[in-house]
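Inspection log for the structure reproduced underneath, given as structure tokens.
Since this is a predicted model, take the numbers as computed values, not measurements.
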Amino acid sequence: MTTLQPASAATLSAAPFYTPPLLHPVHRFGARTLDFSRQVALMAIVNRTPDSFYDGGATFALDAAVAASLTAADDGADWVDIGGVPFAPGPALSAKEEGDRVVPVIEAVSAASDVIISVDTFLPEVAARSIAAGAHVINDTTGLANPELAAVVAGSGAHLIITHSLAKPRTAYPNPSYADVVSEVSAFLLEKVELAMSLGVAEERIIIDPGHDLNKNTLHTLEITRRFNEIAALGFPALAAVSNKDFIGETLNQDKADRLEGSLATAVISILGGARILRMHNVASAASAIHMTESVLGWREPAYLKHNMGDANEPARPQMP
């Protein structure tokens, strides 16, 4: 009969999570400082568009967008990402109209909260107006399709998120093909990082995003999630924008309204692979998932300790509101 033995230390030498070799772990965004060596930032999503992917225009009105931003901060978001144009293919929006959508939200939120504010835009004019209004980050989901955007960011001291995307802004990219999607995405991101730095963006102000679902099919995106450590290994804080996306719907055969659990599972997998920023719709649920993961990793203390901490183990009681 075989006698079972605990696994040896050598067998267990590899941690069950990936710690990326961050070139600059500590980042400052206005009044907030994030240490990505032991912290995961939660980015909430607020779109001032009538046709947004998830909410279908629920926060298109100015007061609704501002209220949603402040509620997200109250629910645990470190960060609010404000967009005035959807990523999906569609007609171009002028820089003035896009700026007129996002700038009033930035001004109102920055006046009421110290939450980190990013603006999802690929237009240099919108980026300049947004930074002047109080935005700390420009989130370019087109992978610097317009290099002038990097020059605007460089002159302001704001952060820049560089996302992998192959299509021209707001155009379709049918049937994308990759020999090795993770290697090709990594090479693209490094090339764009070098471009941004050549245009004056400081290395310590760059964030990367492999672009889940952006010009990728579900199999591509699942592989990026599985091999997220290779993206994080590039040394820059890596963002995972996984919330309620099509790859979750196709994998689980679920409509957008039913993808919360799949989104949270994918978020935790991404953290264990080295993601340090999560872009999520369901803020309170995502905050709980992130905080629990941080506690398991030893980065966050439990809210309180009571269970089996004394001579008697009192039954748990629900906390009153």
Worksheet item: With distance as the sole criterion, is a donor-acceptor pair present between the side chains of Asn282 and Ser285 under 3.5 Å?
Response: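 Distance-only check fails for Asn282 and Ser285.
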
Mark yes or no for whether [X], through its side chain, and [Y], through its backbone, hold a donor-acceptor pair below 3.5 Å.
| X | Y | result |
| --- | --- | --- |
| Ser183 | Asp180 | no |
| Arg170 | Pro91 | yes |
| Arg259 | Gln254 | yes |
| Thr171 | Lys168 | yes |
| Lys216 | Ser177 | no |
| Glu184 | Ala179 | yes |
| Ser295 | His291 | yes |
| Asn244 | His281 | no |
| Ser113 | Ser110 | no |
| His136 | Ile116 | no |

Do [X] and [Y] sit in one hydrophobic cluster, given that two such residues count as connected whenever their side-chain heavy atoms are within less than 4.5 Å of each other, even indirectly?
| X | Y | result |
| --- | --- | --- |
| Ile231 | Tyr178 | yes |
| Phe36 | Val40 | no |
| Ile224 | Phe236 | yes |
| Leu34 | Ile271 | no |
| Leu239 | Leu278 | no |

Can you tell me how far [atom2] of [Y] sits from [atom1] of [X], rounded to the nearest 0.5 angstrom?
| X | Y | atom1 | atom2 | value |
| --- | --- | --- | --- | --- |
| Arg205 | Phe29 | CZ | CZ | 8.5 Å |
| Ser243 | Leu260 | OG | CG | 8.0 Å |
| Leu70 | Asp75 | CG | CG | 11.0 Å |
| Ile138 | Ile207 | CD1 | CD1 | 11.5 Å |

Check: [Y] and [X] side chains under 4.5 Å, non-hydrogen atoms:
| X | Y | answer |
| --- | --- | --- |
| Pro20 | Tyr18 | yes |
| Leu195 | Leu144 | yes |
| Val152 | Arg129 | no |
| Val193 | Ile208 | yes |
| Val66 | Val46 | no |
| Ile45 | Met280 | no |
| Val105 | Val109 | yes |
| Asp258 | Asp255 | yes |

Please report the closest heavy-atom contact between [X] and [Y], naming both atoms and the distance.
| X | Y | result |
| --- | --- | --- |
| Asp78 | Ala41 | OD2-CA, 3.4 Å |
| Ser263 | Val242 | O-CG2, 4.0 Å |
| Pro104 | Leu62 | CB-CD1, 3.7 Å |
| Ala95 | Val126 | O-CG2, 3.5 Å |
| Asn217 | Pro176 | N-CG, 4.1 Å |
| Ala135 | Ile106 | N-CG2, 3.6 Å |

So, using side-chain hydrogen bond (donor to acceptor under 3.5 Å, both in side chains) as the criterion, who are the partners of [X] when residues are at least two apart?
| X | result |
| --- | --- |
| Ser118 | Trp79, Asp81 |
| Asp35 | Ser37 |
| Arg32 | Asp114 |

Item to complete: Carefully, step by step, assess Leu264 and Thr266 under the rule side chain to side chain contact (heavy atoms under 4.5 Å, CB included).
Response: CA-CA 5 Å; Leu264 296 178; Thr266 307; over 6 Å; no

Worksheet item: What do the steps show when you test His159 against His27 for ring pair (Phe, Tyr, Trp, His ring centres under 6.0 Å), and what is the final call?
Response: CA-CA 9 Å; His159 277 67; His27 287 242; 5.1 Å; yes

Would you call [X]-[Y] a salt bridge at under 4.0 Å N-O?
| X | Y | answer |
| --- | --- | --- |
| Glu98 | Arg101 | no |
| Lys192 | Asp140 | no |
| Asp120 | Arg48 | no |

Fill in: Check against side chain to side chain contact (heavy atoms under 4.5 Å, CB included), Gln39 and Trp299
CA-CA 7 Å; Gln39 185 174 4; Trp299 301 344; 5.6 Å; no

Item to complete: Check step by step if side chain to side chain contact (heavy atoms under 4.5 Å, CB included) holds for Glu203 and Met197.
Response: CA-CA 7 Å; Glu203 183 181 69; Met197 292 174 61; 3.9 Å; yes

Practice prompt. Verify side chain to side chain contact (heavy atoms under 4.5 Å, CB included) between Phe228 and His212, making sure each step is shown before the conclusion.
Written response: CA-CA 11 Å; Phe228 200 94; His212 286 73; 3.8 Å; yes

